[in-house]
Trainee: 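Below you'll find the structure I mean.
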Number of protein chains: 2
Amino acid sequence: MKVIQKKERQHYLEEHSISHLFSFSIEEYLEVHEYQRDEWIIQEGMRPDYLYYVIEGKAKIYLTYQNGKVSLINFINAHDYIGEMELLHEVYYTKGIQASTRTVCFAIPLRPLREQLLEDAKFLRELTKFLSMKATIMAAKYSQSLSFPLENRLADFILQTADGNLYKEKHVTVCDFLGVSYRHLLHVLAQFCEKGYLQKDEKRYRIEKREQLEELAGVLKNG
Amino acid sequence: MKVIQKKERQHYLEEHSISHLFSFSIEEYLEVHEYQRDEWIIQEGMRPDYLYYVIEGKAKIYLTYQNGKVSLINFINAHDYIGEMELLHEVYYTKGIQASTRTVCFAIPLRPLREQLLEDAKFLRELTKFLSMKATIMAAKYSQSLSFPLENRLADFILQTADGNLYKEKHVTVCDFLGVSYRHLLHVLAQFCEKGYLQKDEKRYRIEKREQLEELAGVLKNG
DNA sequence: AAAATAATAGGAGATATCTCATATTTTGAA
DNA sequence: TTCAAAATATGAGATATCTCCTATTATTTT
C-alpha cells in the first residue's frame, strides 16, 4: 500500500471530491491510499482503522470458513464504502478485501472522526442508502442462488460483464463468485457453445445469440 | 388489518416505547396496526405509506419471480423495521411481507414525517445499524447456500429454531426458506433420524445428539 | 531461459437435489 | 360435521453439480 501525498493527493481530492457526502469539512483528514492488484486492503479478521471510500479500481470481498473453504462474496467498485461495518459495530467479524486491479481509496481515519461521522445526518443518510442497496442486492443474489441453476445465473453474469459482445472473465474468479465448481462452469459454458449462444474465440467467448441468453437471464428478474 | 386506538394504543406506546430511536417527539404520529396470521402487511409491488417497526409477532419476506416461483427471503421479528427501502429510495421494487403470527407494529406515516426522519441523525444511526446487520446476514446466508449442502444448513436451522430439544417447524416453510424441495428436506430429515441425531415423535422431532448437529452446523461459521 | 505456479480443459463416476406421481393425514372453512 | 385445501409421506427416475484425476497451456518467478 502506498500513501499518496502532496500534489498527487491534492489532485485526487479535487478530481473526486466527496465533500458533498458530509456536512462538515472532511478534506483535511482524508488520506489517499493506493493498492496494487492482489494486495489486501483489509485482512480477514483484522479491524481496520479507516473507513474507505473507493474512487478508482475494483476489489473483491472474501470470507473463509473453518474448513478452509473460501467464498467470494461480492465485488466492490468505485463509489462503494469499505469498512462501514466496523464503523457501526463494536463487534464484527471483518471480511477480507482484496484489490483486483490497482485501486485508489480515500481513507477516513476513525480515531479522530468516528463520533463526528455517527452524528452527521448527511453522511448517515448516504451510508444508509448504500447499505440498503447492498442488503437488497445480497437478498436478491441469495434468493437467485437457491432458485435457479447455473445456466440462468451464468447467462445473467455473462450479459452483465461482457464488454460489447466479448465475454472475457477468468473462469477461476467466476466459479468462486457463482459458487460452483470449475468443472461445472466449464460444462455449462460448453453447453452454451454447443447451442450456439457463445462462440469460443481464442481466450474469449463471443456472444452469438444474445436473445437466448437474455431469455435465460430473464427468469431471475422479479415482479 | 386493525388500527388500534385509544387506551390500547396508549398501552402499546408505553410498553414498547421507541422514543429513544428518534431525536424528536414521534409519539403523537404513531399508529398501532395489528395484523392477523397470514395477513399481508405489505403487498408485493405496492409502495407502502408507512415505515413500520415491529413490536410483537413474526413475519416473512417473499419475492415472486416472473415464472411464478415464490421465494421466502427472510424472517422478520420484533424490533425490525419494515418498509425502510421505500423510505430511502424513490424507485424500489417492494417485496411482499406476510404476518406468520398475530403481529403488532408501530406505523410511522411517511407523508408528514419523511423529511424529518431523513434529517434525524439518531434515527439514521439506528437504521444504519439495522441495515448493516441485514446486509451482513444476507451475505452470510448467500455464501452459505452456495458453499454447503442442505445437511449443514438444516442442522444449523434446527438448532436455531428448536424450542429446547423440540424441533417443530413446518416443513413447507422450511423448504421455502432453505431453498430446497420438499422431497429433499424430508430425505435429509430421515437421514438425521436414521443416524440417531433426531427422533421423530408424533408431529415433532426430538434432538437426540446435539453435538453431532452442532458439528454439522459448525462448518458454516467463519473465522 | 528454465522452473514453478496458476489457469484452462476435459473424462468418469459419485452425490445432492429436483420433478413427478400418488397416498394419507391434518387443518380450516362452510 | 363435512368437505376441500394444505401438509405430510414416500418411491422412482432424472438432472445439476461435485470430486478426483490427468493433461496442456499461460503466467510469474528465479
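Quick caveat: nothing in here was measured; it's all calculated off a predicted structure. In what follows, every chain begins at residue 1, and chains take the letters A, B, ... in the order their sequences are listed.
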Trainee: For the pair made of NE2 in A:His184 and P in D:dC20, what is the distance, rounded to whole Å?
Mentor: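 In whole Å, D:dC20 P and A:His184 NE2 are 17 Å from each other.
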Trainee: Would you kindly give the CG-to-C1' distance between B:Asn152 and C:dA16, to the nearest whole Å?
Mentor: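 The answer, rounded to whole Å, is 12 Å.
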Trainee: Under 3.5 Å, side chain of B:Glu84 to main-chain N/O of B:Leu127, donor-acceptor pair present?
Mentor: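 Looks like no, no N/O pair under 3.5 Å.
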Trainee: Could you tell me the separation between the CD atom of A:Gln144 and the P atom of D:dA16, rounded to a whole number of Å?
Mentor: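 Rounding to the nearest Å, CD of A:Gln144 and P of D:dA16 are 18 Å apart.
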Trainee: Roughly how many Å is it from CG in A:Leu185 to C1' in D:dT19, rounded to a whole number?
Mentor: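 Spelled out: CG on A:Leu185 to C1' on D:dT19 is 16 Å.
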Trainee: Check the distance between D:dA7's C1' and B:Asp38's CG and give it to me in whole angstrom.
Mentor: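 That distance rounds to 14 Å.
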Trainee: Of all the choices, D:dA16, C:dT8, C:dT26, which nucleotide is nearest to the side chain of A:His171 once you look at every atom?
Mentor: C:dT8
Trainee: Identify which one of B:Gln36, B:Glu34, B:Glu39 satisfies the side chain to side chain donor-acceptor pair (under 3.5 Å) criterion when paired with B:Arg102.
Mentor: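 By the side chain to side chain donor-acceptor pair (under 3.5 Å) criterion, B:Arg102 pairs with just one of B:Gln36, B:Glu34, B:Glu39: B:Glu34.
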Trainee: Name the closest nucleotide to the A:Arg183 side chain, picking from D:dA12, C:dA12, C:dT17.
Mentor: C:dA12
Trainee: To the nearest angstrom, how far is A:Lys170 atom NZ from D:dT25 atom P?
Mentor: 19 Å
Trainee: To the nearest Å, give me how far apart NZ (B:Lys200) and P (D:dA7) are.
Mentor: 16 Å
Trainee: Reading DNA chain C from 5' onward, which residue's closest nucleotide shows up sooner: A:Leu146 or A:Thr173?
Mentor: A:Thr173
Trainee: Just say parallel, tilted or perpendicular for the rings of A:His33 and A:Tyr50, cut-offs at 30° and 60°.
Mentor: perpendicular
Trainee: Which of these nucleotides, C:dA7, D:dA9, C:dA9, is closest to any side-chain atom of B:Leu186?
Mentor: D:dA9
Trainee: When you match A:Phe148 and A:Lys203 each to their closest nucleotide on DNA chain D, which lands nearer the 5' end?
Mentor: A:Phe148
Trainee: Rounded to the nearest Å, what distance is computed from the OH atom of residue B:Tyr182 to the C1' atom of nucleotide C:dT17?
Mentor: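 To the nearest whole Å, that distance equals 16 Å.
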Trainee: Nearest to the side chain of B:Ser181 - D:dT17, C:dT19, C:dG10?
Mentor: C:dT19
Trainee: Using the side-chain heavy atoms of A:Lys69, tell me which of these nucleotides is nearest: C:dC18, D:dT8, D:dT19.
Mentor: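 Output: D:dT19.
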Trainee: Do side-chain atoms of B:Ser143 reach the backbone of B:Ala139 as a donor and acceptor pair under 3.5 angstrom?
Mentor: no
Trainee: Just wondering, more than 12 heavy atoms not from B:Met46 lying within 6.0 Å of its CE?
Mentor: no
Trainee: Heavy atoms from C-beta onward define the side chain here; which of D:dA7, D:dT17, C:dT17 lies closest to that of B:Arg153?
Mentor: C:dT17
